[in-house]
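Side chains included, hydrogens not; waters and symmetry mates left out as well; all remaining heavy atoms used.
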Amino acid sequence: MRSLPDADPGVPDLRSPLRYLWWNARRQAPALLAGIGYAILWWLVQALMPYVLGKGIEAVTAKDTDALLTWAAVLFGLGLVQAFSGIMRHRMAVYNWLAAAYRTVQLTSRHAARLGATLPKRLSTGEVVSVGNSDIAHIGSSMDILLRATGAVVAIVTVTVILISTSLPLGLLVLFGVPLMAVAVGPLLKPLHRRQARQRELTGDLSTRAADIVGGLRVLRGIGGEQVFATRYREESQRVRHAGVRVARVESVLEGAQILLPGLLIAIVTGVGASFAVAGQIPTGQLVAFYLYAVFLIGPMRTLTEAADKLTKGHVAAGRVIRILAIEPEIKGGKGGSGGGVLRDSYSGVTVQPGVLTAVAASSPEDAVAIADRLGRYADGDVTFGPADLSSLPLEEIRRRILVADNSDRLFTGRLRDELDVRPQNGAAPGDEGRVKEALHVACAEDIVEALPDGLDTWVAEAGREFSGGQQQRLRLARALLADPEVLILVEPTSAVDAHSEARIAQRLAESRVGRTTLVCTTSPLVLDRTDHVVYVEDGRVLAEGTHRQLLDSSPAYAATVTRGEG
């Protein structure tokens, strides 16, 4: 499998969500600046239209046909520029939204692949899913709003300059009124930020609960636990609903402020302008222009309020992304190498000889899992691979040469053929028919494929839920065999199959792995009897070694473990 780099020189400073948003902005600076340029032009053209309309009205009042035609032509030209700049602004806004959102997806996906087994230990499924469901949208929106917000500021400044040059009192009214309205919505942002963070946290927990229920629905039905878990889900969903209502209360006040505050400014500017017109201080055309300016200011002012809201949501979302990016892998690789050879776990004393089918039978299943994790470098341990410490090898090399397959592995969505054969071997492309059939034969999984409507081309549903537990286990075994690593470690590969299938798998597995290094962690007598060497582990340490039949005669503890106390 192709690996992702361990570090990206462009990864943001993980200490601050604001720095993450700034890092995103810098990574797409050309597109962002182009979008800001179009947004400024779009707003400026709209800001100039009231001025041109005012001049046109003055030309009508003065009965100046030439001036009227001139200003009409200017207005038409501004309309064309507005249409072009509006189209380009929107295109760049969508581009910047997508760039920021899916850069976040790429970054978190890369980091998730780097974390490997560490990720599910540190974060719930719902927390990770919520990044793709909602957080990327808020981060993308925070980039999108920068375009319109910057243009809105320029438009407000332009209108203020025009008003000051025409009427100093009106210009000063707008100059001081807009900042005051921006400050007025400031107290709403902190509680909004806090409530959005709480809602996001509860939504992640609810997503985790839903994933657990869907994944374990078959088991829940078997034990009659649907109602219990449905009640729990209902209670958690109500907490999410209440949290959403609390967010909506603040957002509704913020939305109302977007209408009320600009409306007050319009009323004041229009009233003052009308009094000036009645007093003869400004002509009728300027009064109309002032009214249009006041109406126009609603747009940029609402945009600034919207920017505060979206940047707050983007800040919350960036904090969640930072939480994932701040996690460091529990296991790290080195830069050494190894020619292979004996794989040995010093703590337990388990030794896996090259080319031998070895079995570990543990009195406690947890001990066998711990040994497999250390041998596969999923947990720290004093393990050697040939003459080298396993910890000195790069993780990519370890994953390529040593494969640990257990019952927590998943089947992914896609064609069954592609899900089983994922690694090319000896120049053969993935999905080679002969190799796939051989692996299915060893795993006694031919009947599963034959029962499918399209055979190996059948589309597998999420987590392979259309298959029973035993069928999934056999398909996972076939996938592990197809990977054909240098060292294959199987953890309880036949625990969910019937005795007849288990006997056939044991025989075929022993035949197919002749001369290849294999370790099977199991207490099944049918499998143990087919192995070359058995290691019995008690309390995490090797207690006895030999063949299955030798240990049955010489080790009562081993016999009691593998026969479940029978006989």
Side-chain angles (χ1 to χ4, degrees), residues 39-64 67-68 70-72 74-79 81-82 86 148-189 252-309:
I40 290 174
L41 179 60
W42 183 65
W43 280 115
L44 277 178
V45 169
Q46 295 181 75
L48 293 174
M49 283 186 172
Y51 176 82
V52 176
L53 284 170
K55 291 296 185 181
I57 292 173
E58 290 180 7
V60 172
T61 304
K63 298 182 179 181
D64 188 344
L68 178 60
T70 300
W71 290 114
V74 171
L75 185 63
F76 179 72
L78 290 176
V81 175
Q82 180 189 359
R148 289 184 289 127
T150 305
V153 171
V154 173
I156 291 173
V157 171
T158 303
V159 169
T160 304
V161 170
I162 294 174
L163 289 177
I164 288 177
S165 63
T166 306
S167 174
L168 182 60
L170 290 175
L172 293 177
L173 184 61
V174 175
L175 180 63
F176 290 104
V178 171
L180 286 175
M181 293 180 182
V183 171
V185 300
L188 296 174
L189 298 180
S252 62
V253 175
L254 190 63
E255 188 71 22
Q258 293 179 350
I259 299 174
L260 175 63
L261 297 178
L264 289 175
L265 184 61
I266 291 172
I268 294 172
V269 170
T270 305
V272 174
S275 65
F276 288 167
V278 171
Q281 298 179 13
I282 58 174
T284 305
Q286 286 189 359
L287 174 60
V288 173
F290 285 155
Y291 172 76
L292 293 175
Y293 280 131
V295 174
F296 164 76
L297 285 173
I298 293 178
M301 289 178 65
R302 290 197 64 177
T303 298
L304 294 182
T305 309
E306 180 187 356
D309 178 40

In short, side-chain hydrogen bond (donor to acceptor under 3.5 Å, both in side chains) pairs touching residues 40-51 with sequence neighbours left out are none

I'd like to check the side-chain contact (heavy atoms from CB on, under 4.5 Å) partners of [X]; sequence neighbours left out, ordered by chain and number.
X	value
L53	L75, L292
V81	L41, V45
V74	V52, W71, L78
I40	I36, L44, T150, V154

Would you indicate whether the side-chain heavy atoms of T160 and I164 approach each other to under 4.5 Å?
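In short, these two side chains touch, coming nearer than 4.5 Å.
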
To the nearest 0.5 Å, atom CG of L48 lies from atom CD1 of I162 at 5.5 Å

Where I156 and P300 come nearest, the two heavy atoms and their spacing:
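I156 and P300 have their closest heavy atoms at CG1-CB, 3.8 Å.
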
When every non-hydrogen atom of F296 is compared with those of A155, the smallest separation belongs to CZ-CB, 3.9 Å

Have a look at R148 and tell me which of V153, T303, L304 forms a side-chain contact (heavy atoms from CB on, under 4.5 Å) with it.
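In the set V153, T303, L304, the residue that makes a side-chain contact (heavy atoms from CB on, under 4.5 Å) with R148 is T303.
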
Can you name the side-chain hydrogen bond (donor to acceptor under 3.5 Å, both in side chains) partners of Q82, sequence neighbours left out?
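side-chain hydrogen bond (donor to acceptor under 3.5 Å, both in side chains) list for Q82, sorted by chain: empty.
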
